[in-house]
Every structure is written in C-alpha cells, then in structure tokens.
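Note that this is a predicted model, so its numbers are computed, not measured.
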Amino acid sequence: MDSSVKRRQVNKTEKLRFEDVKEEQSNVVSALYNPRKALSLSQQRALLPAAKRRGDVLKALEKHRSLVVMGSTGSGKTTQIPQFLMEAGWCDGDRAVLVTEPRRVAAVAAAERVAAEVGSTVGEEVGVAIRFDNRTSTKTRLVFSTEGTALRSMMSNPLLSRYSVVMVDEAHERSVTCDLLLGLLKKVQQRRSDLRIIVCSATINADEFVTFLGEDQTAIVNIEGKSYPVDVSYLKSPCKDYLEESLNIVVDIHRNSKPSSGSILIFLSSSEECEELTSRVTETLGRHVVAVPLYASLPYDQQIEALEPAPPNRRKVVAATNVAETSLSIDGVAFVVDTLHAKLKSFSSQEHVSSLSLVPISKASATQRAGRAGRTRPGQCFRCCTVSDFSQLSETTPPEIQRVSLNGAILQLKSFGVDNIMNFQFPSAPPVEVVAQALEELYNLGAIDDDGILTDDIGMRMAEIPLEPDYARCLVASEAFGCTEEVSEIFGMVQSSTLLISASASRERRLFEAVREPYAVAEGDLLTYLNMFRAYKSNGYSSSWCSSKRFNGKGFKQARRIAHNLKKYVDRKKSDSSLQKERLDTRIRRALCTGLFHKAAFVSPNGSYTSLLSSLSFNHVPLRMHPTSVLFDRYPKCVVYAEAVETANKYMRNITVVEATWLVDVAPALYENKRKRALMELEEGHEKLSGRP
DNA sequence: GAGCACTGC
C-alpha cells in the first residue's frame, strides 16, 4: 500500500447507512437515461421502503395535525405517500393533495412517475404546476409543484381551501421560499384545523421541524431505505492544500482498487477547481481514467457526459461542485472524496453587496455528500481533514433566510396580510437588522405606507410581479413613462443574462466582448440588453440568427418567455402624457431609476465610485465598474446598478447611466435632505475629475 | 482590467 494511504487513519466508528435508490428516479436525467423495464410498476412500488410505512403514515395523520417524515431521497416517500393519501380517501370529493419540491425537475419527475403508477398521464388525476408549465385540471387530485409556485398560488387562495394535505418535500434544504411556506402553512392551520401538514426532511433536521410544528400535535415517521454502508476515513494530520490532497487520495484509490469497483466523486467548491483537478487527474493517471468536471453552468451535453456510466475497464472520476450534493446524482459512485468546502452566499444589507465566500461545510452537508458513495453498493468516503477538525464543523448550514436580502420575502409576507413581521413565526428567525433594512427600503420604494401596510397602487402590484422588489418597482414605473414593453424585455434579459452568450465565447474575454460589441450603447448594460433583444426580435426570434451571432439561443428564448410573462402584469395604456416629451431611452432610464435608486453611485476623482447611501458613513468602501460592463473605462458621473458583488474588490454590475436630479425626483426623502451635501461634494469631485486626460 | 456555489417566481 502507498505510504500516503497509511498516513490516513481509517475510522470505522462512523458507519453511515444510505438508501438504495435503484427503485426510484430522483432526477429527470437518470429517468431519461435508465428506463427500467424488468419489473411491473406495482411490483416496484411494493418493494419500496415507503410501502412498509404506509400504515404508520396514515395512522399518524388520523391522530395528528402534522407529520414529520425522516429519510433521504430514494426511500420512495415522494412518490408513495401522495398515493397512500389518495387511496385512503384524502382526495375524496373535491379535495386534493399538494406536494412541493425545491426544484422544477424534481416536481416534473415525481408527477410523471406517479401518473405512470396510477395508469394515467400528467394533467389528469396527477398534475404538475410550475412556472411556464401548468398541467392540472378539475380532475387533478395530486398536484406536484415547486415551492415558489405553491407560495404564489397562495396569493389567490390563501387558505389553500382545496387541499386536505400539503406535503413539503426536502424541507431540510431550507430555502427562503420553503421557510415562508412553512410559516404560512402553520398560520393556515390555525384557521383550518382540518389541514394536515407533512414535512419531509433528512434525519438530522427532523427535530427542529417537530418543535416548529408543535410537539404535542406532530407525529414522526422514519422511512429507512434499503441501504449500503459507507466507511468514512479522515486524515491523520491536517492538509495544507485540499486540492493537492484530494488528487493524492484519488491516485491512491485508483492504484489500490480495480476500475470496476466504482467511480470516484470529488466535492470541490468552484468550477475553476473542478477544471483544474480534472486536468491534473488526467495528467497523473492518463488513459486509465476518464476524468470529467461537473458544475451547474457546464453546457448540457457535458453534464450528461459526467452522469453517464464509465466505459468498460476505465475508471470514471467526476470533479463536482455542490450541484452533485442535491440536484444531480451520478450512478455507480463507490468513492467520495470530500474537500469539505463550498462557496456560500452572504449579503450585507447596508451596502447592498453580496459576496460568495469559501467556507467549510456543515456536518449535515458532509453526511449528504458521503451518502453519494452508498447509493448502489457499499462505499467509502475520504474526508480531507482530521477527526478533530471535523468535530469543529457546525452541525447544519445556516438557513438561507439568515444569509440573504429579505426585501422580497417581506414584500410577499405583507401581501399575505402579515403586517407585523416581528410576530411572524419563522422556522428560523432572520436577523432583526436585515428585516429593519428591508422595511425601510420597501417604504422608500413606496411599497408600504407609514403604518407598514402594503400600498394598493404600488406595493400590492409589486408583490404580484415575479421579480425582485427593486426590479418590480421599475416595471410598475414603466407604465407612467410609457415603456412597459422595453422594461419587461430588459428584465427578461437580466434574468437570463448568464445564459445569453454561447458557452465557448463567454469563457474567452475578447470573444465575449466581440459578440456583444455591435449592440453596446453608452447608456449602459441594461440598455445594451434591450438593444440585443430588439435585434433578436427583428430577426423573428430566430435561434439560427442567435447562433450566427454566437449568442445562446436557449438564453434568448428564456428572456423572451420571461418578458412575455412580465408584460401581463403591466398596463401600457396607463402612460402619463406629461412624461412623454422626453426621448424613449431617457424615459426607460427614469423608470429604472425609480426602482434602483438605492443602488446609485457617483464617480470619485480617482475613478472609483461611491454608493450614495454609504457616502455619509466613515468606513465606506469604494465600488468599481465590473470589467464586463459596457461602461468599463468610461467613468459616467452618476449610475444606478442592478447588483453589487464583492470578490477582490467591490464591483457594480448591470449598470445604467442616470442624472443625479432623477434620483432626487424619485426619492426626495432619501436624497434631497440628508444626502444633499454628500451629493454636492461628489459633484465637486467630478468637476476635478473631468479635467483628467 | 474578473474569476461567479445553487435554486426559483
């Protein structure tokens, strides 16, 4: 055995068991590529671990208002529990059962599977309701939906009156939407004692849901899968470079076991690391292995390649990001190498700056990652840290609601009539200062009044629009300025922006700029997007035109669909004739100013930018134009930006040139008084700047 | 002159 293997201490005290998911599709891709034929559907159903718990689930719901189901994906709970409920009469009369999933593919896959099992097709007894794909009818009794669509459907049906049971699947992932949904469901249950709530969660998080739903009225059912053991080993001494260490481990595994013993999956934190490790593994082990990267922004055909089984007599090595932890599963993995790191989003509410930082993962995540080795056979997991370092990791990842901007979440709660946010029972309370900041910004946007109540003309409408509050405010403002069409198209493009340029071109900076250059305008990135969309439109929305310009047809198609959807929320006839004297591009930029004024910045003599809201604080950090902006190197005096990100510096992205006076027009309370002096100082600064070469 | 985990309405 290689010396570096001996260096590692194999710790057999920690044996994990994970379910066999052969019987169930946990994602669409494997469903498409591994159609199963051998067993009949009813035979397969009977073999699922969930079948053994049928009686327990139904009994629990007779006696309790809520149920927490423990067990990870693959036990059959997603597809079987809804059918148990239907068979037991929970869908009799006009009643129905709602099941929510965090991701679209999961909702569609579950609906298709269940429809097949009941001998029907999606849209009849079993339906799916996700954005841009609603296949439900009056006959539908089981509705599979994303969390986002379920929440939105509560806007028109706040008591969910049709549903006897709501099942929140994969609740341990704890998205903001999931937390809002759970909080609202608990409120609905206070009004509707007949409503049953089922929360499905990984074992480690089950307790917190029981506490949240009320211990005295919540039952617990554990659905264990058929499982294979996973041996977990740790390093004897800490490693300095986890990339280097993971390469060594891969080499050890490869040299000490046959290729047929299974594929190796390495968890890394970024696409860049995945690419690097892939090429280093190939360099080191040559033709004996097929090493491939796997991350979400990888082109579709390369993702499929990563998920396919290994060719005969060669070992497959997949270097993946978090996408392989929950969204995609790879068949035939027997070894997991975990670097125990990930990029996590954090947000500074004061500065509107979000950043992605490299952090150690939680024990819960590490358990989930290890489980990827034991899906179809006994597996091994190698963690790139010592046992004692591992014990220092936090138990679970903080829920998203404690890490992100809450403007959107609070706007939605207000639209559900939750006027006192501080009294709302969140599964996990968000930071008070982030809530306060969100309330202040919603007030400044005109979405809530002095009493914190949603305004009819602005706030109510913003809540209906499927965009972040800032963007939704721009869209509402576009009516008066007579540019609803243009602003809808701009935000369709912004939402799809990462998909717009073909993958090969977007990796090369010069090519990226060349592709966009013919459409670039001096008014900034958002108007450049509009210009691109118009060209697409005047060429008949043609995908071959997209490819001829090295644009990504899929991205433009999505932009078109979102733009089309957004237009339904605005009324182009509402334009204010007194505002129509100005040029169209000016009116568009004024509409954008109306929603984005919190994110305005003024140029400083040294060429950096100062955010107007932080300009009075002593420790403000200057902002820079992101090098991908069409305005890079052009130093316009005053801009608004759609987003700020922090990496090596703080950068503004998706920038629009505006006039400072427009800011005072749209947000007098904010800019006229207390910021006026700062504005003037900045103005003077600019006078000096304009003398520069 | 950058370097971006992942979802979703």
* Structure fact -> From CE of A/M154 across to C1' of B/dC9 the rounded distance in Å is 15 Å
* Is any side-chain nitrogen or oxygen of A/T177 closer than 4.0 Å to OP1 or OP2 of B/dT7? -> no
* Can you check the A/N322 CG to B/dT7 P distance for me, whole Å? -> 10 Å
* Asked: So, are A/E489 and A/R560 salt-bridged, with charged N and O less than 4.0 Å apart?
  -> no
* Under 4.0 angstrom between A/T149 side-chain N/O and B/dC9 OP1 or OP2 -> yes
* To do: Please determine if a side-chain N or O atom of A/Y651 lies less than 4.0 Å away from the OP1 or OP2 oxygen of B/dA2.
  => yes
* Structure fact -> Ranking A/K345 and A/L467 by the position along DNA chain B of their nearest nucleotide, the one closer to 5' is A/K345
* Distance below 4.0 Å between A/T321 side-chain N/O and B/dC6 OP1 or OP2 -> yes
* For B/dC4, take OP1 and OP2 only and decide whether either is under 4.0 Å from a side-chain N or O of A/S271. => no
* **Any donor-acceptor N or O pair under 3.5 Å, side chains A/E325, A/S365** => yes
* To do: Figure out the CD/C1' separation between A/E643 and B/dA2, and round it to whole Å.
  => 14 Å
* To do: Examine A/Y242 together with A/H341 and report whether their ring centres are nearer than 6.0 Å.
  => yes
* Asked: When all nucleic acid strands are considered with a 4.0 Å heavy-atom cut-off, which category describes A/A342: base, sugar-phosphate, or nothing?
  -> nothing
* Select one nucleotide: of B/dA5, B/dG1, B/dC6, the one nearest the side-chain heavy atoms of A/P627. => B/dG1
* Output yes when A/E479 and A/R461 qualify as a salt bridge under the 4.0 Å nitrogen-oxygen rule, no when they do not. => yes
* **Whole-Å distance separating the CG atom of A/N654 from the C1' atom of B/dC4** => 13 Å
* Asked: Is any NZ, NE, NH1 or NH2 atom of the basic residue among A/D133 and A/R135 found under 4.0 Å from an Asp or Glu carboxylate oxygen of the other?
  -> yes
* Distance check: side-chain N/O of A/R624 vs OP1/OP2 of B/dA2, anything under 4.0 Å? -> no
* Asked: Mapping A/P466 and A/L356 to their closest nucleotides on DNA chain B, which lands nearer the 5' end?
  -> A/L356
* Structure fact -> A/Y295 OH to B/dC4 C1', in whole Å, measures 11 Å
* **Contact summary for A/L467 and A/A472, nearest pair of heavy atoms** => CB-N, 4.1 Å
* B/dC4 phosphate, OP1 or OP2: any side-chain N/O from A/K343 under 4.0 angstrom? -> yes
* Structure fact -> Out of B/dC6, B/dC9, B/dA2, minimum distance to the side chain of A/H626 belongs to B/dA2
* To do: Whole angstrom is fine here: how far is it from CG in A/L344 over to C1' in B/dA5?
  => 8 Å
* **For atom CZ of A/R369 and atom P of B/dA5, their distance in whole Å** => 13 Å
* **d(CG, A/D338; C1', B/dA5) in whole Å** => 14 Å
* May I ask you to say what A/R103 touches in the nucleic acid, namely base, sugar-phosphate or nothing, with a heavy-atom cut-off under 4.0 Å? => sugar-phosphate
